[in-house]
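Protein chains get the first letters and strands the later ones, always in sequence-line order, with residue 1 at the start of each.
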2 protein chains.
Amino acid sequence: MKTDDEVKDFILNGYREYVPHVSIDCAIFGYHEQQLKLLLIKLKFIDGWCLPGGYIKRTETLVEAANRIVMERTGIGNLFLQQFKTFGDPNRARINEFDEELWFKATGVKVSKDNWLIDQTISIGFYAITDFSKAEPQPDMMSEKCKWFDIDNLPKLEFDHEEMVKEALHTMRVQLYHYPIGYNMLPEKFTLTEIHALYETLLGKKLDISNFPKKLIALGLLKKLDEKRSIGPHRSPHLYMFDKEKYNMAIKEGVVLS
Amino acid sequence: MKTDDEVKDFILNGYREYVPHVSIDCAIFGYHEQQLKLLLIKLKFIDGWCLPGGYIKRTETLVEAANRIVMERTGIGNLFLQQFKTFGDPNRARINEFDEELWFKATGVKVSKDNWLIDQTISIGFYAITDFSKAEPQPDMMSEKCKWFDIDNLPKLEFDHEEMVKEALHTMRVQLYHYPIGYNMLPEKFTLTEIHALYETLLGKKLDISNFPKKLIALGLLKKLDEKRSIGPHRSPHLYMFDKEKYNMAIKEGVVLS
DNA sequence: CCTTCATTTTGTAAATTTCACTAAATAGGA
DNA sequence: TCCTATTTAGTGAAATTTACAAAATGAAGG
């Protein structure tokens with residue numbers, strides 16, 4: 001949605017192209033220098049921060065929709081998005097608090113109370129993790145701001161999005177043991193210390209340094225390279241990279257890390 | 001829905017009481033004598049077996065809806081239902097194959113192609129496990145038959161319900177290591193052999209008998225009673241029961257069995 | 001009272017994980 | 001050139017967990 005006309009058409013006639021009553025919300029985690037971050041947006045017509053979300057086109061699968069939504073809202077694409085839970089409490093969206101004035105000011109469209117967007121909505125939660133330094137978020141027409149926040153210093157979130165973040169974090173941490181999700185957060189070639197720090201940050205706890213890489217290597221996921229990296233007056237660490245083939249298999253079929 | 005009139009009203013005006021475009025489908029696993037079973041229904045207006053499913057009332061939470069749906073369709077209540085995945089492929093429901101004739105014959109209502117029930121639907125999957133001998137399934141108005149099937153001898157299922165069963169089974173087995181789901185499938189007091197057989201059946205693999213109880217007891221989940229059960233000309237096994245308090249905590253917060 | 005047999009416990013070897021410690025590598029500075 | 005601070009990487013003993021086998025238990029029936 002780039003133009004005012006497109007926004008207007010979406011609000012008035014969107015129910016033809018999109019499935020009403022169902023939305024997708026995405027918890028995009030970002031990793032940078034041992035800090036876990038979360039991408040939040042501030043919509044024009046909602047007074048507070050929330051997860052980037054949107055509606056599903058009638059021709060899309062859920063994952064396709066989730067990817068498009070993140071791309072539209074934030075400019076970040078090509079994520080490995082994972083469903084974590086669907087939220088449907090009748091009170092979750094707090095339709096009662098719908099503010100006609102605010103919507104008009106933000107969109108220039110008179111939205112009546114029987115508009116398809118104002119009805120009860122059930123939301124499917126997706127999460128992804130990405131290297132946040134690679135992705136500079138860019139808000140679109142509907143969103144005013146789009147920003148990374150430290151995971152342990154989030155602002156108050158709208159609707160039931162705090163619960164969503166909690167669930168997303170929990171699912172991400174469980175799945176970290178079953179899928180090699182770390183791929184996108186690291187440079188192509190990385191050291192054991194880097195991947196170790198990544199996993200500790202994502203899990204939010206200490207991991208044994210000497211055993212941890214062994215498992216990844218034993219599974220064939222990690223390949224040791226002949227190169228080293230120079231890090232000043234210290235021993236140079238070896239560089240590693242993922243075995244693309246084994247990695248893709250593991251993403252598809254799952255492995256057991258722990 | 002007990003009467004024809006109620007069915008008719010549901011078909012024609014249900015969108016007022018229920019959230020359109022979203023449904024719930026439930027994989028109800030049953031355990032009996034070391035066999036894992038699945039509850040399937042045969043709807044009047046669909047030519048084949050499928051998971052019991054239904055729509056969500058605008059006043060219900062998702063779990064409440066899932067419980068009501070299972071109760072209405074099968075007569076089985078009070079289940080510990082767990083969400084496992086939401087399905088939204090645009091082709092999953094195969095609306096094109098909608099058979100007006102069959103619907104009319106089954107319900108006595110002329111259903112047009114623009115009826116709310118015929119539109120694209122996204123379905124939220126729930127699963128539960130129950131002691132199948134306790135629950136005699138009873139089909140309702142809309143369902144013709146309702147029957148338990150051995151898990152490794154299922155009939156061909158409609159829509160995407162085969163994939164749903166696969167996912168439900170997978171989630172159930174993963175969660176079995178993190179939550180003591182076995183509660184409802186056993187009598188209040190049970191022997192080690194019984195709970196051991198239960199876990200082996202649910203997981204579909206062998207578990208070591210000598211190490212298995214140690215974990216449950218070490219976690220404090222299991223209490224040894226002073227009673228024994230008489231089983232003929234053999235050593236009488238001790239009876240155990242779950243520690244209700246620890247059990248509830250484990251259900252809420254999760255534990256690690258393996 | 002002795003046999004039978006499923007239950008339950010015990011024992012032990014193998015495998016795995018944990019943890020502390022040591023060795024190796026590096027480049028700047030003495 | 002050699003020493004030092006610092007970080008990576010490997011080693012092996014100790015602790016724990018798992019796998020498997022065998023023995024002990026005890027209730028009923030002959």
Side-chain angles (χ1 to χ4, degrees), chain A residues 33-34 173-174 176-178 182 186-201 203-242 255-258, chain B residues 33-35 173-174 176-178 180 182 186-242 254-258:
Chain A
E33 287 178 354
Q34 310 194 34
R173 286 175 173 167
V174 169
L176 210 53
Y177 287 104
H178 296 278
L186 293 171
E188 197 193 0
K189 299 168 181 181
F190 49 86
T191 69
L192 288 185
T193 311
E194 282 169 341
I195 194 175
H196 180 236
L198 167 69
Y199 270 75
E200 282 196 341
T201 304
L203 290 172
K205 67 177 187 189
K206 292 278 168 209
L207 280 180
D208 184 63
I209 176 73
S210 53
N211 279 321
F212 167 77
K214 279 186 203 152
K215 285 178 207 158
L216 288 173
I217 295 169
L219 286 167
L221 285 173
L222 233 49
K223 271 192 317 198
K224 193 173 188 170
L225 303 176
D226 280 340
E227 304 167 60
K228 293 181 178 186
R229 176 186 296 166
S230 187
I231 51 159
H234 310 301
R235 178 171 178 177
S236 305
H238 276 282
L239 287 175
Y240 290 76
M241 65 185 293
F242 279 109
V255 291
V256 179
L257 276 188
S258 165
Chain B
E33 287 178 356
Q34 310 195 34
Q35 249 301 328
R173 286 176 174 166
V174 169
L176 207 53
Y177 286 105
H178 296 278
L186 294 171
E188 197 193 359
K189 299 168 181 180
F190 49 85
T191 69
L192 287 184
T193 313
E194 283 169 341
I195 193 174
H196 179 238
L198 167 69
Y199 271 74
E200 282 196 340
T201 305
L202 294 185
L203 290 173
K205 67 177 187 188
K206 291 279 167 209
L207 284 179
D208 184 59
I209 177 71
S210 57
N211 296 323
F212 171 77
K214 281 185 203 154
K215 286 180 210 159
L216 287 173
I217 294 170
L219 286 166
L221 284 172
L222 235 48
K223 271 193 316 198
K224 193 175 190 171
L225 302 177
D226 280 339
E227 303 167 60
K228 296 180 177 186
R229 176 186 297 166
S230 186
I231 51 158
H234 310 298
R235 176 173 182 177
S236 303
H238 275 282
L239 288 174
Y240 289 78
M241 64 185 295
F242 280 110
V255 292
V256 179
L257 272 189
S258 166

Rounded to whole angstrom units, what separation is found between the [atom1] atom of [X] and the [atom2] atom of [N]?
X	N	atom1	atom2	value
L239(A)	dT8(D)	CG	P	12 Å
H196(A)	dT8(D)	NE2	C1'	13 Å
L192(B)	dT9(C)	CG	P	7 Å
I217(B)	dT10(C)	CD1	P	12 Å
N211(B)	dA15(C)	CG	C1'	13 Å
K205(B)	dA19(D)	NZ	C1'	14 Å
I209(B)	dT10(C)	CD1	P	14 Å
F190(B)	dT7(C)	CZ	P	15 Å

Is the shortest side-chain heavy-atom distance between [X] and [Y] below 4.5 Å?
X	Y	answer
L192(B)	L216(B)	no
I217(A)	K224(A)	no
F190(B)	L222(B)	yes
Y240(B)	L186(B)	no

- [ ] Please figure out whether Y240(A) or K214(B) has its closest DNA chain D nucleotide nearer the 5' end.
- [x] Y240(A)
Open item on the list: Base of dT7(C), side chain of R235(B) - is there a donor-acceptor contact under 3.5 Å?
Closed with: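 It does, because a donor-acceptor pair links the side chain of R235(B) to the base of dT7(C) below 3.5 Å.
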Taking only side-chain N and O atoms of [X], does any of them lie within less than 4.0 angstrom of OP1 or OP2 on [N]?
X	N	result
K228(A)	dA25(C)	no
S230(B)	dA27(D)	no
S236(A)	dA25(C)	no

TODO: Rounded to the nearest 0.5 Å, what's the gap from CG on L198(A) to CD on E33(A)? Could you check?
DONE: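 The distance works out to 13.0 Å.
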TODO: Output the single nucleotide from dT18(D), dG29(D), dA19(D) whose closest atom is nearest the side chain of D208(B).
DONE: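 Among the listed nucleotides, the one closest to the side chain of D208(B) is dA19(D).
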Task: Side chain of H238(A) - closest among dA27(C), dA9(D), dT8(C) - done: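 It is dA9(D).
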- [ ] Would you classify K206(A) as touching base, sugar-phosphate or nothing, given that sugar-phosphate means primed atoms plus P, OP1 and OP2, and contacts are heavy atoms under 4.0 Å?
- [x] nothing
Open item on the list: Classify S210(B) by what it touches in the nucleic acid, base, sugar-phosphate, or nothing, heavy-atom distance under 4.0 Å.
Closed with: base
Task: Given DNA chain C, 5'-ward residue of the pair H234(B) and P237(B), judged by closest heavy atom - done: H234(B)
